[in-house]
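To keep things clear, I will list the structure first and then write my remarks on it.
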Amino acid sequence: MTEIQQKNISILTAITAIGQGFATTFKHLFRKPITEQYPEEKRELPARSRARIVLTRDPDGRERCVACYLCSAVCPVSCISMQSAEKPDGRRYAAWFRINFGRCIYCGLCEEACPTSAIQLTPDFENCRRDILTLVYEKEDLQVDHGGKDAAYNFYEYAGVATDEGPKGSHEKESPPVNVRSNMP
Amino acid sequence: MTLWISGYILLLVKFGLVLGCLLFLAAYLVWAERKLLARLQIRYGPNRAGKFGLLQPIADAVKMITKEDIIPAEADQSIFLLAPTVVAATALLMFAVVPFGESLAIMGQRIPLVITDLNVGLLFIFALSSLGVYGVALGGWASNSKYSLLGGIRGAAQMISYELALGLSLVPVVMLAGSFSLVDIVNAQSGYPYILVQPVSFAVFFISAMAESKRIPFDLPEAENELGAGYHTEYSGMRFGLFFIGEYVHIQVLGALTAVFFLGGWHGPFLPPFVWLLVKMIFIALVMIWIRGTLPRLRYDQLMALGWKVLVPVSLVNIIVTGAVILMVG
């Protein structure tokens, strides 16, 4: 093949390629757009997608949060703060609990750290505000009255602490505490 | 005296009508482009402002007018302020010689349906499109920004290169019509449009005119991904709007000129002449949007190679062939 013939063939392929491009875009004219019209059409989000944080309750309807500060400690942007307190029955709780959603990056580390499944992320992502201070959520804004993803879990049924749930050793998968004085060889 | 005054009023009315139509069409051409481009890319395009997004141009205009008019501190102020008007004005002025119908007779007076029938109308158009380069180049230079300067330089180089091919591609048309006047060129096509006898010339004209109006695939002066926005990077508010209007009026002018030189201008069956010109203009504009939706931007060396090594020689050969055929046929 001579050089000129090769050049002619390359020009021909170029022209057909351009033609194919025009045909493709022309065909697209008659296709239904794939756009999701967002505020009207909302896609169902996976249950585990991460957005607004809630504080869930155990099956008895009591607060799950024991104010252990693990979420606060693990939070990479330090958006969680609280003050722990203890009820007369031995249960710990958060006297106040605050999440600054203006800072939250929705990483989900707090949920992973939580020993009682109290703090959970929900798929509700639509929280834009005009005023950034309205993004600071207090305990009552965060609390929901259901168990979230782990509805049956009740921390104090397993916990090794004495509460109104029962004394030490009475919980599930727990044996009574060893009497160190009688445990001599 | 009365004749003079009535002629003056008539001219003003024609000015007003053409200017109004052009600007209105420019606004809705933006809408049409966004809508059609979206459909070519399987999207919806603007659909929030009004039914089918039809109020989008109005919303855009309100936004442009109310935005802050920023002038960079280091900019060359007077030139910076002047450049967008040059672009918009030259684009608008080009329409002055485009005929949009046969002359009307109202109250015994002959009213030509063209703002001015210059006997060198074609040269007038070339002069204006050369002047348009100043707007781009000076706008880029006066912004005192590197992106703008690069865009301006590219714009100047591109437009000067393609001006040549543009001019040469129209020589055969002038040879066939025997006149530089756009009215005569349209009248010469009453039998058949020149695209049938001059397809090569048409292709060269269309490509180089698209390069002149800085459309994709020839939008190197404003290449978003390389230069920000090129020569109008530093412009905001209505000054940016003027560049924008200039671009879209340029598309219409290009459509009108393609219609006048190759598609028979306002000639056409059944419909009134004005409508025919409009239909042809809009058709060309839609084809340009289709091209925009399909082709990627040329590289700078490809752009120059296409201009100098393909379009100019092809149009030169075309002139010689046309001349020979005219000579043979008589």
Side-chain angles (χ1 to χ4, degrees), chain A residues 1-47 49-52 101-102 104-106 122-135, chain B residues 31-54 56 199-200 202-204 206-208 210-211 215-219 282-299 301-303 305-307 309-311 313-314 317:
Chain A
M1 226 190 303
T2 64
E3 208 172 301
I4 292 173
Q5 274 175 324
Q6 271 176 344
K7 200 167 185 182
N8 284 345
I9 285 170
S10 74
I11 288 173
L12 199 70
T13 40
I15 289 170
T16 33
I18 289 174
Q20 280 168 348
F22 278 105
T24 307
T25 43
F26 190 72
K27 266 183 270 170
H28 281 177
L29 268 185
F30 304 101
R31 275 180 65 181
K32 193 185 179 314
I34 55 169
T35 316
E36 283 173 32
Q37 303 274 35
Y38 162 62
E40 291 91 35
E41 280 173 41
K42 282 182 187 164
R43 200 201 300 199
E44 192 67 32
L45 285 167
S49 60
R50 304 191 306 260
R52 186 171 62 89
F101 283 109
C104 181
I105 57 170
Y106 305 101
T122 61
D124 173 26
F125 64 94
E126 294 167 310
N127 32 12
C128 301
R129 298 295 145 75
R130 293 265 174 203
D131 181 7
I132 197 160
L133 285 180
T134 56
L135 279 169
Chain B
W31 173 83
E33 164 147 41
R34 290 180 62 183
K35 210 69 182 164
L36 184 64
L37 198 62
R39 294 311 296 257
L40 288 169
Q41 297 168 345
I42 344 176
R43 299 183 282 116
Y44 281 105
N47 61 355
R48 297 284 140 176
K51 195 93 181 142
F52 306 117
L54 274 171
Q56 190 67 41
V200 177
F202 168 75
V204 172
F206 192 65
I207 292 171
S208 41
M210 230 156 58
R215 293 277 303 173
I216 290 174
F218 302 103
D219 66 333
I282 289 171
F283 176 74
I284 295 287
L286 293 183
V287 169
M288 285 177 68
I289 294 167
W290 185 20
I291 290 171
R292 176 181 171 181
T294 306
L295 295 180
R297 182 183 307 129
L298 265 72
R299 223 167 47 213
D301 60 319
Q302 292 171 333
L303 179 91
L306 179 67
K309 292 185 187 167
V310 180
L311 296 183
V314 163
V317 170

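Note: hydrogens, waters and symmetry copies are ignored here, and every other heavy atom, side chains too, is used. Numbered from 1 within each chain, the chains take letters A, B, ... in sequence-line order.
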Inset, instruction - Determine the minimum heavy-atom distance between A:T35 and B:Y44, stating which atoms define it. - result: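 Closest pair (atom of A:T35, atom of B:Y44, distance): CB-CD1, 3.4 Å.
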Legend entry - Gap between atom NE2 of A:H28 and atom CD of B:Q41 - 0.5 Å precision: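 Atom-to-atom, B:Q41:CD and A:H28:NE2 are 10.0 Å apart.
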Legend entry - Option passing side chain to side chain contact (heavy atoms under 4.5 Å, CB included) with A:T25 (candidates B:L37, B:L295, B:L40, B:I291):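 Checked B:L37, B:L295, B:L40, B:I291 against A:T25; only one passes side chain to side chain contact (heavy atoms under 4.5 Å, CB included): B:L40.
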Inset, instruction - Counting only heavy atoms closer than 4.5 Å, note whether A:E40 contacts chain B via side chain, backbone, both or neither. - result: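 Just its side chain gets close to chain B.
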Legend entry - Structural part of A:K27 lying under 4.5 Å from a heavy atom of chain B: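 Nothing of A:K27, per the 4.5 Å heavy-atom cut-off to chain B.
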Decide if atom [atom1] of [X] counts as having more than 12 heavy atoms of other residues, nucleotides or ligands within a radius under 6.0 Å.
{"X": "A:Y106", "atom1": "OH", "result": "yes"}
{"X": "B:F283", "atom1": "CZ", "result": "no"}
{"X": "B:L54", "atom1": "CG", "result": "yes"}
{"X": "A:R43", "atom1": "CZ", "result": "no"}

Legend entry - For chain A, the option from B:I42, B:L36, B:N47 that forms the most heavy-atom pairs under 4.5 Å: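 Result: the option with the highest number of such pairs is B:I42.
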Legend entry - Geometric class of the A:F26/B:W290 ring pair [parallel <30°, tilted 30-60°, perpendicular >60°]: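 B:W290 and A:F26: tilted rings.
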